[in-house]
Every structure is written in C-alpha cells, then in structure tokens.
Amino acid sequence: MRTSMLRSIKSLTTSPSAHILRRGYASEAVPLRKVTVLGAAGGIGQPLSLLMKLNPLVSNLALYDIANTPGVAADISHINTRSEVVGYASDAELGKALEGADVVIIPAGVPRKPGMTRDDLFNINAGIVKGLCEAIAKHCPKALVNMISNPVNSTVPIAAEIFKKAGTYDPKRLFGVTTLDVVRAKTFYAGKAMVPVAEVNVPVVGGHAGITILPLFSQATPKANLSDEELTALTKRTQDGGTEVVEAKAGKGSATLSMAYAGAIFADACLKGLNGVPDVIECSFVQSTVTELPFFASRVRLGKNGVEEVLGLGPLSDYEKEGLEKLKPELLSSIEKGIKFATQ
Ligand SMILES: NC(=O)C1=CN([C@@H]2O[C@H](COP(=O)(O)OP(=O)(O)OC[C@H]3O[C@@H](n4cnc5c(N)ncnc54)[C@H](O)[C@@H]3O)[C@@H](O)[C@H]2O)C=CC1
Ligand SMILES: O=C([O-])CC(=O)C(=O)O
C-alpha cells in the first residue's frame with residue numbers, strides 16, 4: 001500500500017497529466033494517463049473509445065468529435081472501469097480535450113468508398129489533420145500522437161511539418177498507426193500456415209497503402225514451409241486487406257472494428273512504453289533512417305519518451321527486397337505530397 005502510494009505521488013509530480021488527478025486515483029499504483037480520441041464518434045472512434053475505456057492504464061479519457069460526441073461520451077462513461085470520461089463537442093472545446101493528454105489518437109476524417117484509393121482522401125483529410133495537429137502543438141505538444149487518418153503515408157508528414165512550424169516537433173512522439181497491417185498479416189499467415197494465431201509474429205514495413213505495405217513473411221514465426229505462390233498470395237492479401245473490407249462494406253465505409261482493435265493495441269503499447277515497461281515493440285510509420293526515405297514503417301521500440309529505437313529491417317528474401325525497391329517511389333511521392341501541402 002505504502003509503495004503504491006509513493007508510486008502514485010511520484011507519478012503526480014512527473015506526469016504531464018498531474019493536474020487531472022481525481023479523487024480516488026491517488027491510491028492506485030498505475031500512473032495517471034490521459035488519452036484523447038479525436039474523431040471519437042466515428043466508425044473507428046466509437047469502438048476504439050470503448051476499448052480505451054476498458055484499458056486499465058487509462059485514467060482520463062477525452063472524447064472529441066465535431067458531431068455526436070455527447071451521446072457517445074455519456075454511453076461509454078457508464079462503464080465501470082477506471083477512467084473518467086469527458087466528451088468535447090465543438091471546436092471551442094478542442095483545447096480542453098487535448099490539455100494534459102499523454103496520448104492523442106486521431107481517427108478523424110473520411111473513409112474510402114469502393115473504387116477509391118487512400119490517396120483520394122487526401123483533399124479532405126489533409127485539412128482535418130492539419131487543424132487537429134495545430135491544436136495538439138498548442139495544447140499538448142508533448143503527447144504521443146497516433147495517426148490513424150488516411151492517407152497515413154501523407155498525414156504523418158503533414159503532422160510533422162505542422163509541429164515543425166509550431167516549434168514542437170519531436171520525431172519520437174509521432175506515429176503512423178500501421179498495426180492493422182500487422183494484425184491482418186498475422187491472421188492470414190496463421191490461416192495458411194495452420195499455426196495458432198496467438199503465437200504468430202510478422203513484421204510489416206514500408207507504409208500504409210497498397211504496395212507500400214510490405215509484410216516480411218520470411219521473418220514470420222512460428223516458421224512454416226509455404227511455397228513462393230502462397231507467400232505471394234499472402235503478401236497481396238495483406239496489401240489489399242483494406243480494399244477487401246471497403247468492397248465488402250459496399251459504400252458504407254472501411255475497416256472500423258478491426259482498426260479499433262489495432263488502434264487499441266498500439267495505444268496500449270505507447271502507454272506501456274511511457275510507463276517504463278521494457279521491450280515494448282510494435283511496427284509503426286515513423287521518421288526513419290532505415291531506408292533513404294524520411295518516413296518508413298518498421299519495428300519500433302517504445303519507451304518513456306515515445307520512440308526509443310527504430311529497429312532495422314533484418315534479412316529480407318529476394319521477393320521482399322524487390323517489393324522494397326518497388327514501394328519506394330510511391331511512398332516517397334506520398335510523403336512529399338504531405339510535406340508540400342503543409343509547407344505551402
Ligand atoms: N490507419 C489505418 O490502418 C486505418 C485508417 N482508417 C482511416 O480512419 C479514418 C476514419 O475512418 P472511420 O472512422 O471509418 O470514418 P467515419 O466517417 O466513420 O468517422 C470519422 C469521424 O471523424 C469525425 N471528424 C471529421 N472531421 C473532424 C474534425 N475536424 N475533428 C474531429 N472529428 C472530426 C467525423 O465527425 C466522424 O465522426 C479514415 O480516414 C480512414 O481511411 C481506416 C481504417 C484503417
Ligand atoms: O482501406 C482503407 O481505406 C482503410 C484502411 O486504411 C485499412 O483498412 O487498412
């Protein structure tokens with residue numbers, strides 16, 4: 001009891017969320033952590049907010065959207081778990097939603113319809129992300145930002161430029177969420193290799209659109225003897241996973257439930273890193289020197305300041321080496337498009 005009290009007091013003096021202490025939390029051993037979801041009432045936002053409400057590492061959950069937030073926040077707030085939930089419904093309240101946040105998750109923006117690429121979302125989502133990142137720079141410049149809004153290959157560079165303009169950019173704190181690619185690669189591999197899905201690990205590198213998504217099945221564990229044809233088919237299915245859902249939903253949006261699951265896994269990893277849990281590793285699209293591209297998804301070790309280490313690619317098969325070279329021009333052009341938008 002005494003130790004846990006001391007730990008709580010320490011967290012109160014060191015956590016950027018110290019001022020959000022609420023009666024009742026002072027005796028808890030887990031540090032206070034505020035998570036803000038921007039776009040909380042959307043297809044991803046709602047189930048993701050639910051999953052964050054179930055996460056015991058969260059003490060304050062701020063739900064922000066430009067529509068329908070009060071209902072979602074009231075609904076989720078009745079769940080009897082640790083975090084206090086507050087809904088914020090208008091631009092005027094965005095600052096309060098962000099103040100003191102340790103992690104900000106951004107699933108705000110429009111999703112694809114059949115026939116569209118993720119890049120077709122650029123015109124609308126770039127502006128949304130820009131506005132939200134300006135507010136982050138102002139109200140919680142030290143937060144870890146988990147960017148879900150598409151096209152991730154461009155929205156992450158946009159966020160970086162907005163933070164640079166504001167003088168708050170810290171590459172260790174900005175993440176493009178590519179966890180859904182890993183989730184899919186694991187599921188599809190387990191099905192083909194006939195291994196227990198819970199034991200599967202597959203790194204997915206590159207970016208988050210079409211051929212820029214490069215699963216490294218040669219490094220997948222448990223090992224399986226899959227043919228070249230099977231590996232090609234698995235790679236293609238992982239790259240087209242988003243489109244598979246868009247087509248199945250037939251105009252009613254893109255992946256929301258699996259994305260909420262993936263987003264919750266990634267945010268949980270960020271919180272664990274902040275709390276000092278060792279060896280927290282997830283794939284993410286971050287500022288990188290792993291290749292010549294300025295941003296690249298690869299395995300990242302998370303720590304108390306966000307990115308602790310960007311891990312290298314490891315040994316690639318010839319097929320993966322070819323895929324890596326093929327993806328670079330497209331990924332670079334999406335990165336440059338984001339930078340141009342934010343700097344013009
Ligand atoms: N990174 C990834 O792996 C994935 C990314 N996505 C992307 O996530 C985004 C959201 O998808 P859905 O939730 O299905 O869309 P949705 O349309 O269901 O929800 C988006 C929400 O954002 C809100 N919003 C719009 N402008 C806003 C603003 N300025 N501030 C706050 N909220 C705002 C809307 O009111 C809406 O509630 C899309 O861009 C989609 O492409 C989707 C799946 C996977
Ligand atoms: O495909 C989409 O538009 C949404 C997305 O990013 C995914 O499901 O991977």
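Remember, it's 1-based here, ligands and their atoms both numbered in the order they're listed.
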Among non-hydrogen protein atoms, atom 17 (O) of ligand 1 lies closest to P111 CD, 3.5 Å
Within the 4.0 Å heavy-atom cut-off, what H208 brings close to ligand 1 is side chain
Ligand 2 to A255, heavy atom cutoff 4.0 Å, flagged ligand atoms 8 (O)
Atom 6 (O) of ligand 2: closest protein heavy atom, distance to 0.1 Å, is H208 NE2, 2.6 Å
Short version for L180: what comes under 4.0 Å of ligand 2, heavy atoms counted, is side chain
Honestly, for L132 the part within reach of ligand 1 (heavy atoms, under 4.0 Å) is side chain
Does an N or O anywhere in R184 fall below 3.5 Å from an N or O of ligand 2?
yes
Quick look: T256 vs ligand 1, heavy-atom contacts under 4.0 Å, and the answer is side chain
When distances are taken from atom 39 (O) of ligand 1, the protein heavy atom at minimum range is V110 O, 2.9 Å
One finds that the ligand 2 atoms under 4.0 Å from a non-hydrogen atom of G242 are 1 (O), 7 (C), 8 (O), 9 (O)
So for N150 against ligand 2, with non-hydrogen atoms under 4.0 Å, the contacting part is side chain
| task | Taking T168 for its side chain and P141 for its backbone only, find out whether a donor-acceptor pair lies under 3.5 Å. | result | no
- Message: Side chains of T81 and K53: any donor to acceptor distance under 3.5 Å?
- Response: yes
| said: Less than 3.5 Å apart, any donor N or O on the side chain of T256 or K249 sitting next to an acceptor on the other? | reply: yes
Item checked: Validation row, ring centre F122 to ring centre F341 under 6.0 Å -> yes
Candidates D65, N150, I124, V183; heavy atom nearest atom 41 (O) of ligand 1 found on N150
Establish, from distance only, whether the side-chain atoms of Y169 and Q287 form a donor-acceptor pair under 3.5 Å. yes
The protein heavy atom nearest to atom 1 (O) of ligand 2 is R112 NH2, 2.6 Å
Exercise. Does ligand 1 have any atom sitting under 4.0 Å from a heavy atom of G131?
Worked result: no
Problem set entry | Ring center gap for F266 and F175 short of 6.0 angstrom | yes
Ranking V245, I128, I148, V177 by closest non-hydrogen atom to atom 5 (C) of ligand 1, top hit is I148
Within the 4.0 Å heavy-atom cut-off, what V152 brings close to ligand 1 is side chain
- request: Ignoring hydrogens and angles, tell me if any N or O in the side chain of K34 forms a donor-acceptor pair with the backbone of E99 under 3.5 Å.
  value: yes
> Just by distance, with hydrogens left out, do D181 and H208 show a side-chain donor and acceptor under 3.5 Å apart?
Replying inline: yes
Looking at K249, E247, E244, R118, the heavy atom closest to atom 7 (C) of ligand 2 belongs to R118
Atoms of ligand 1 under 4.0 Å from any heavy atom of G39, numbered from 1 in the order shown, are 22 (O), 31 (C), 32 (N)
G253 to ligand 1, any heavy atom closer than 4.0 Å: no
Taking only non-hydrogen atoms of I66 and a 4.0 Å limit, the atoms of ligand 1 in range are 24 (N), 25 (C), 26 (N), 27 (C), 28 (C), 30 (N), 32 (N), 33 (C), 35 (O)
Logged contact type for A108 with ligand 1, heavy-atom cut-off 4.0 Å, is both
Going by the 4.0 angstrom heavy-atom rule, the piece of N125 near ligand 1 is side chain
* N-O pairing of E282 and R299 below 4.0 Å -> no
